Structure formats: structure tokens, C-alpha cells
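Each chain gets a letter, A, B and so on, in the order its sequence line appears, and its residues count up from 1. Just so we're clear, the structure is a prediction, and the values are computed from it rather than from any experiment.
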Amino acid sequence: MNKLTYFLLVIICLSGCAVDNYDPPSTTFNGRLVFDGQPLQIRQGISVLQLYQPGYENQNPIAVNVKQDGSFSSILFEGTYKLVRVAGNGPWENNPDSITVDVHGPTNIDVPVVPFFSISDVSFEVKDDILVAQCKIKKNVESRQLEKVSLFVNNTNLVDHTVQLTAAPSSTKTAAQIGEDEIIELQQDLTGYSNNPYLFARIGVKAVGHPEYIYSIVWKVR
Amino acid sequence: MNIIKKIIICSLSGALLLTFSGCEKWLDREPTEILLDDQVWSDPKLAELVLANLYNRLQPFGGLEGGKLSPTDVDEAMWSGGLGGNNGRNTRVNYPYTDKQYWDYGLVRDVTLFLEKLEASTVMEQEDRSQLLAEGRFIRAYIYFFFVRSMGGVPLILKTYQYNGPDDVAGMIEPRRTEAEMYDFIASELDAIKDQMPQTEKSQTRANKWTALALKSQAMLYAASLAKYNNLMTDPIQTANGEVGIPAERAQGYYEQSLAASKELIEQGPFSLYNQNPDKAQNFYELFTKKIGNPEVIWALDYTLDGKYHNFTVENIPRSLRENASGSAGVTPSLNIVEAFDYLDGSPGTLQTQTDDGADYIYYDHLEDIFAGKDYRMFGSIITPGSSFRGQQLTMQAGVMEWNAGTNKYITRTSTELGSRFTDGGYLVGPDGPLPNAANVTNTGFYSRKYLDSREGSGQGGQGSDVWWIRFRLGEILLNATEAAYELGFENEALGYINQIRERAGFGPNSLQTLNMDMIRKEFQVELAFEEHRYWDLKRWRLSHVVFDGNRQTPSTLAYALWPYRVVRPDDPTKHNKYVFVKRVAPRFTQPRNFRLGNYYSTIPQNAINANPLLVKNPYH
């Protein structure tokens with residue numbers, strides 16, 4: 001075996017590196033959960049959207065990670081997908097229909113859901129170191145009962161019922177304490193959090209029987 | 001020359017012929033390292049060997065070996081051992097959907113092969129054959145119980161298949177059965193084999209009439225509570241065709257079946273509650289470690305120092321008693337379970353660490369004084385500060401509280417060194433911790449006692465322990481009977497059963513006069529702590545997502561600790577060298593337990609779904 005043969009062998013082996021490679025996916029797929037034209041605010045990390053691509057042997061769904069402001073962003077191969085709203089995981093009415101999505105070039109999509117309640121007329125204010133939050137609630141699904149409305153505060157801009165610092169009773173109102181169509185006011189004393197340089201607040205609405213809340217936008221206290 | 005050639009050729013051919021004829025024998029040798037079908041299935045002793053292998057594969061979760069971290073799945077315990085992989089138990093954001101996933105059809109095939117080949121054999125004595133067949137069917141029913149409680153209904157495979165080419169496969173695809181059908185199958189199998197195992201009637205490690213009744217008592221209770229509590233949820237967890245979700249009207253029938261099985265065991269079985277030691281705390285501990293003459297154990301997974309031992313004691317022994325270079329303080333009980341045990345006078349089990357107005361600590365003369373008057377079972381299950389194990393008193397002390405007269409406050413002094421001394425010569429940090437961030441020292445202030453081996457040497461990695469893992473005992477059956485009787489409306493009968501358990505625990509006869517489900521659930525929690533029950537009990541009562549709701553403020557989601565401190569305050573002899581206690585979240589446990597609705601039933605493995613398009617996914621996945 002002379003040097004030339006060795007050299008040729010090395011070249012062949014190295015070029016083999018390219019034979020099996022696929023290009024990574026590069027098509028962006030963005031979207032958001034919407035109700036009534038507005039993006040839906042949720043707890044970040046719940047598994048509510050999956051993408052299936054029929055026609056292949058591997059039938060694993062692709063998880064779509066939805067951020068707490070309802071938006072999601074994935075990078076996919078081009079093709080036709082079915083977007084599925086996972087039954088029961090989100091605080092909205094179950095919709096078993098899948099949405100067929102054609103991904104050819106950057107795609108944007110609005111995924112409609114019907115949450116059990118909607119929050120509107122949200123306002124936050126800090127008066128004398130007490131955080132006062134107000135909102136109005138509307139029921140969208142007849143069969144669901146309101147359980148409670150809570151005010152959550154956290155020291156990062158991710159705020160939901162599993163990552164929060166509050167425990168005060170005045171920051172929660174149960175359904176019995178809330179009348180029809182009235183402005184709900186919740187308060188949280190902030191004196192205990194003077195050590196935290198950053199505070200963020202959010203209102204959450206819980207329906208009876210479902211563990212997840214429907215949220216308002218996150219408001220930066222400081 | 002020719003003649004010589006001929007002779008040579010002839011003799012060579014002759015030699016060749018001889019060797020070739022020897023080939024026959026060579027190729028027809030009997031194998032010496034495997035046993036053939038007709039040998040095994042004609043000799044009951046050899047068939048028992050196959051059965052022994054099957055018996056050894058029946059502990060997918062819990063137990064003293066691979067599943068010993070099970071108590072850290074619930075509010076009973078947390079991991080205080082090494083800082084590597086297992087520490088993930090303390091920091092996980094939620095339970096994975098694959099938790100408790102069980103899909104061992106390989107084991108199902110092995111059991112089915114056992115049954116088919118035994119059935120086909122004609123040489124064995126009929127009584128041996130029917131005994132072994134019944135034990136095999138018991139194992140199969142037990143395996144399908146694992147399936148249904150983890151996954152809901154699954155394909156019920158009762159025969160073995162042979163693969164003869166790709167066209168065959170379509171005919172082998174089976175759909176999932178409904179959850180109720182699975183429990184009905186288990187019940188009918190157990191009823192059929194109950195009286196067919198006379199040879200092992202006295203055994204506590206092999207199947208017999210009593211293990212069949214015990215499994216029926218447990219399985220039917222699971223089915224009944226699922227039927228009832230699943231349908232009480234606002235959104236019952238179910239699939240369209242019943243693979244998950246038992247109809248509510250079946251609850252009554254299942255409770256009745258469970259109660260009947262429990263009663264037959266209690267009234268006719270040779271079992272009684274272990275009560276041989278007048279020291280009630282030591283008695284409850286010995287129930288789990290005494291193998292000879294233990295009348296309470298119905299079925300256990302046995303170990304022997306002669307080749308099959310386990311390292312439960314190596315991993316969980318208190319730090320100051322460890323006999324190995326690694327290990328100790330693995331699974332440590334939390335303050336949550338310590339406070340779940342009530343006081344003997346009936347008052348709730350919350351420990352008193354501060355005066356009523358919160359102004360000052362309560363001072364205790366000795367570490368053990370704070371636990372005075374608690375349910376004896378707590379002392380038998382958990383090593384508390386100041387208690388003894390292997391003849392040594394164990395000192396858990398987190399530090400010293402030094403009184404500063406100038407500021408009128410205590411200054412907390414600690415160290416990272418176990419067994420370190422303070423300036424006055426007494427302990428600064430106890431030799432058994434607790435420490436906030438060290439490996440293999442308790443983080444909660446407690447150590448496991450249940451199933452811990454007191455024999456010297458069992459903490460050595462090379463020696464191990466032969467303490468057995470009890471799967472069914474009379475205590476559990478009495479609790480099953482209590483719940484079933486109560487749910488059927490027979491409160492007095494239920495009180496009769498639960499008071500027996502409490503009397504053995506040290507409460508005195510007839511300690512309860514009225515009953516409700518919360519009390520029954522509490523009794524399950526404290527009597528069966530660390531025995532691989534709480535996780536499944538919370539699931540079947542549909543309370544898991546409430547108890548572990550991911551909310552840091554809910555007391556059951558985090559592991560709490562009790563840290564003792566020695567007071568140094570020479571000017572005040574009523575407080576100097578006494579002990580105070582601080583309740584806190586265990587520092588290594590950082591994420592609240594979050595049980596989602598999708599955790600009630602695990603995901604079906606994706607390769608199974610790819611291969612079998614009839615399999616319906618479990619809800620919320």
C-alpha cells in the first residue's frame with residue numbers, strides 16, 4: 001500500500017461524513033393561543049399543543065412549547081402537519097378537532113380556544129406599599145363554575161400559581177365573595193417583600209374541577 | 001508397492017470409518033448446561049425453579065432494592081443521600097408522565113409459557129401440576145394488577161404467539177380491555193385458584209389461599225374506590241370506550257367483593273397482629289424485621305445472606321452508624337409524616353415548638369422529650385432525635401442557639417462538620433446531622449427505621465441485609481376491611497377492624513367511637529408508611545392532584561424538616577443546655593411536588609403504539 005492509496009482512503013472516509021446528513025429543519029412556525037382576538041395568558045410549561053406529521057413510521061408527536069403569554073415558536077421541516085390541542089390540559093373547553101397546517105415557508109397561526117373565563121379591565125396599582133389589583137370576569141362556558149380569583153406576586157417575570165410568593169387571604173376571593181359583573185379587587189401587602197429588588201404581579205382565575213388557572217398579563221411592580 | 005498402497009488405503013479408510021461412526025455419538029450428546037422441555041415439565045422440582053424465577057420479577061416499584069426510593073415520591077420522605085442522580089427527586093418540577101409506567105409483556109409471555117407447557121405435560125403427578133399451575137395463575141393475576149393500576153386497561157394476552165412471517169402480525173393485534181374488565185379478570189382468576197394450592201398453605205413466601213384472598217381484598221378495593229372517586233371528580237378521568245374509567249354503579253359490587261375477601265382472611269386465616277413485645281414501639285419495628293414466628297405476614301419477598309441480600313440498610317442507616325465507605329441517610333422521613341402520627345391521647349400530631357403566642361421557643365430537657373406521648377408506631381417507623389438504634393442513642397442537632405444579652409436575641413451557630421464541638425465543650429453539630437447541604441446526612445432531622453436491619457454488619461456493602469419485604473400483612477387487610485365496610489355503610493363493623501389496629505399500636509381498646517373517611521385515610525397513612533401504599537392510595541382516592549398541587553404554599557408539596565438546637569444561655573439555668581426545635585422546609589428539597597391530571601395513568605410506550613394501532617392513548621397525554 002503506498003501513500004497515494006492511504007491518502008485516497010482518507011479522502012473517501014471523510015467525504016462519507018456528508019453522505020448521510022440531513023439539513024436541519026429551518027422553517028419557522030409561530031403562533032399564539034387566542035380567544036376573541038386576544039392572546040390567552042396561561043401558566044408556562046403546561047403541555048397543551050402537539051404537532052403530528054402523518055405518513056411516517058414514527059408517530060411521536062412534536063411538543064410545542066407555549067410561553068406564558070400564549071405565544072409559541074417552533075422550527076420545523078416543510079410539510080403538512082396536524083396541530084392538536086391536548087385534551088384537558090389547558091383551562092379551556094376541549095376541542096378534539098385537529099388543525100391542518102401547511103408549513104411551506106414561515107408560517108403564522110392563531111389557535112382558537114374557549115377558556116372557561118375571561119379577564120378584562122385589568123388594573124394594577126401600588127398604594128402605600130399595598131398592591132391593589134382590579135379586574136372583571138366573564139364566563140364563557142355555561143357548565144363551569146367559578147372557584148376563586150387570586151392575585152399572585154413573584155420575584156421573577158414568570159408568575160403563576162406554582163411559582164409565586166403570596167399566601168395572604170386578602171389576595172384571594174372565592175366565588176361566594178364575588179357578585180355578578182362586579183369589579184373584583186384584590187390586595188397584597190408588599191412590606192414582606194422589601195428584600196426583593198424585582199416584583200411582578202398577575203391575576204389568576206380558577207374554575208371548579210380544573211387544576212389550571214386562566215391568567216391576566218404580568219405587571220411589573222418594580 | 002500396490003499391495004502396500006492398498007493396505008494403507010484400507011487401514012486409513014477403516015480408521016476414518018471408525019472415527020465417523022464415533023461422530024454419531026458426538027453429535028448426539030445430551031447438553032449439560034441447559035435443561036430440556038421434557039426434563040423440566042416432568043419434574044415438579046425443576047418446574048419450581050422456573051416458578052422461582054417468575055416470583056423474583058414481581059417488584060417493579062417499591063421494595064428494598066431498585067424501588068427503595070418510592071417513599072420520596074410522596075410526602076413521606078425525601079432523599080438525603082448522594083448529590084448525584086437521585087438528588088433529582090428533590091428538584092423535579094413535576095412527576096414525569098412516564099412515572100410508574102409498566103409494560104412488561106416479556107414477563108407476561110414467560111408466565112404464559114410456563115402455564116402452557118405445564119398444562120401440556122402428562123408426566124407430572126396431577127396434584128403437583130395443579131399446585132404449580134395455580135401459583136402460575138396467581139403470578140399472572142398479580143402482573144395484570146400492576147398493569148391496570150399504572151396504565152388502566154391493557155391488552156389481555158392469555159396465550160403465546162409464534163411468529164411465522166410478516167403476514168401473521170395483523171392477526172396478533174389486540175385492543176386494550178376496559179379497566180373494569182381487568183379487575184374482573186383478576187377477581188375471577190383468584191376465585192378459581194384459591195383452593196388449588198394446598199401444598200404451600202403454610203408458606204409466607206409462595207402463593208396460597210391466603211395470598212389469593214389478600215390480593216383480591218386489595219385489588220377489589222382499588223377498583224371500588226376508582227369507580228367511586230373518579231366519578232366524583234368534576235372531570236372524571238376516562239377514555240371513550242372505558243379503557244380508563246370504571247362506571248360508578250360498579251363501586252358497590254367491588255366494595256362487597258373486597259370486604260368478603262378480607263373477612264374470609266381475617267376470620268379463617270391463621271393470622272394475628274404481631275404483638276409479642278410489650279414495648280409497643282419496638283414491637284412495631286420487630287413486625288418488619290422478625291421472620292421466624294411472625295403471625296402477621298401473609299406474603300413476603302424473602303432474602304438470604306447466602307446469595308440474595310439487599311443494601312437497603314447500607315443506603316438508609318443513620319450517618320453515625322454507617323459501616324460502609326459510602327451510603328447512609330438515603331431515604332429520610334419528613335416532618336410531614338412525623339406530624340401525621342397523632343398523640344396517644346387523641347390530639348392531632350403537630351409538634352409543639354413555640355409558645356402559643358409565638359413569642360418564645362418551648363424548651364425541652366432532652367431531644368426525645370418533644371415526642372413524648374406520640375403514637376408508638378411513629379417510634380417504630382422513624383428514628384427521631386434522641387432515640388436509639390443498635391444500642392446507640394442518636395443525637396441529631398443542627399447547631400447551637402447562643403443567647404446574646406445585648407440584642408436580646410439568639411445567635412444561631414452552626415458548622416459544616418459532623419460531631420463538632422462548641423466552645424463550651426458540648427456538641428455544636430450532632431454526629432447525625434442535620435446539615436443543610438451535605439451528602440449522606442439527614443436533611444430533615446429524621447432517619448428511616450422501618451425495615452432497617454439492626455444486625456451488626458448488615459450495613460456493609462459486601463454483606464447486606466436479609467430483612468424481607470412484606471407485600472401483604474394482616475394490618476393492611478384490616479384497613480382494607482375498614483374502608484370497604486365504611487363505604488358500604490357498616491360503620492360499627494369498620495370500627496371493629498380499625499380499633500384492632502389502633503389497639504396493637506398502643507391506643508387501648510375501642511379508641512375510636514365514630515369514623516369518617518379522613519380518619520380512615522389517616523390510618524392508612526400512618527400504619528402503612530414507607531410500605532409502597534400511599535402513592536397508590538392517593539391515586540385511587542383521586543386526591544393526588546389536590547395533595548401535590550404544585551403550590552409552594554400547600555404544606556404537603558414540600559418536604560419539611562425539624563431541626564434541633566442546643567441552647568447556650570449560662571445566665572438562665574431554666575433554659576441553658578436545653579433543646580429548642582425549628583420547623584423549616586428541608587433545604588435540599590427545592591421544588592413543590594406537582595401531580596398533574598395526566599399523571600393518574602402513565603403514557604403507553606411509543607413503540608407499542610407504533611406497532612399496535614388499536615392502542616388508545618391515556619388521557620391528557
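More than 12 heavy atoms of other shown residues, nucleotides or ligands fall within 6.0 angstrom of atom CG in A:Asn30. By the 6.0 Å contact criterion, CG on A:Asp23 is open, its count of non-hydrogen atoms from other residues, nucleotides or ligands being 12 or less. Atom CG of B:Asp356 has 12 or fewer neighbouring heavy atoms from other residues, nucleotides or ligands inside a 6.0 Å radius. Atom OH of B:Tyr161 sits in a crowded spot, with more than 12 heavy atoms from other residues, nucleotides or ligands closer than 6.0 Å. In B:Asn408, the CG atom is crowded: over 12 heavy atoms of neighbouring residues, nucleotides or ligands sit closer than 6.0 Å. Crowding of A:Lys67 atom NZ: a count of heavy atoms from other residues, nucleotides or ligands under 6.0 Å not exceeding 12.
Side-chain contact between A:Thr162 and B:Pro592: absent, with no pair of heavy atoms (C-beta onward) separated by less than 4.5 Å.
Of all the listed residues (B:Arg552, B:His621, B:Gln591), the one sharing the greatest number of non-hydrogen pairs under 4.5 Å with chain A is B:His621.
Heavy atoms closer than 4.5 Å to chain B are found in the side chain of A:Gln50, but not in its backbone. If you measure heavy-atom distances from A:Val208 to chain B, the contacts under 4.5 Å come from both the backbone and the side chain. For B:Asp549, the part lying near chain A is the backbone, with the side chain staying farther off; criterion is any non-hydrogen pair under 4.5 Å.
Interatomic distance, B:Arg596 CZ to A:Ile46 CD1, rounded to the nearest 0.5 Å: 10.0 Å. How far CE of B:Met233 is from NE2 of A:His210: 10.0 Å, rounded to the nearest 0.5 Å. Between the OH atom of B:Tyr97 and the OG atom of A:Ser47 there is a distance of 5.5 Å, given to the nearest 0.5 Å. Annotation: the span from A:Gln164 atom CD to B:Asn551 atom CG amounts to 5.0 Å, rounded to 0.5 Å. Residue B:Leu597 holds its CG atom at 8.0 Å from CD of A:Glu212, rounded to the nearest 0.5 Å.
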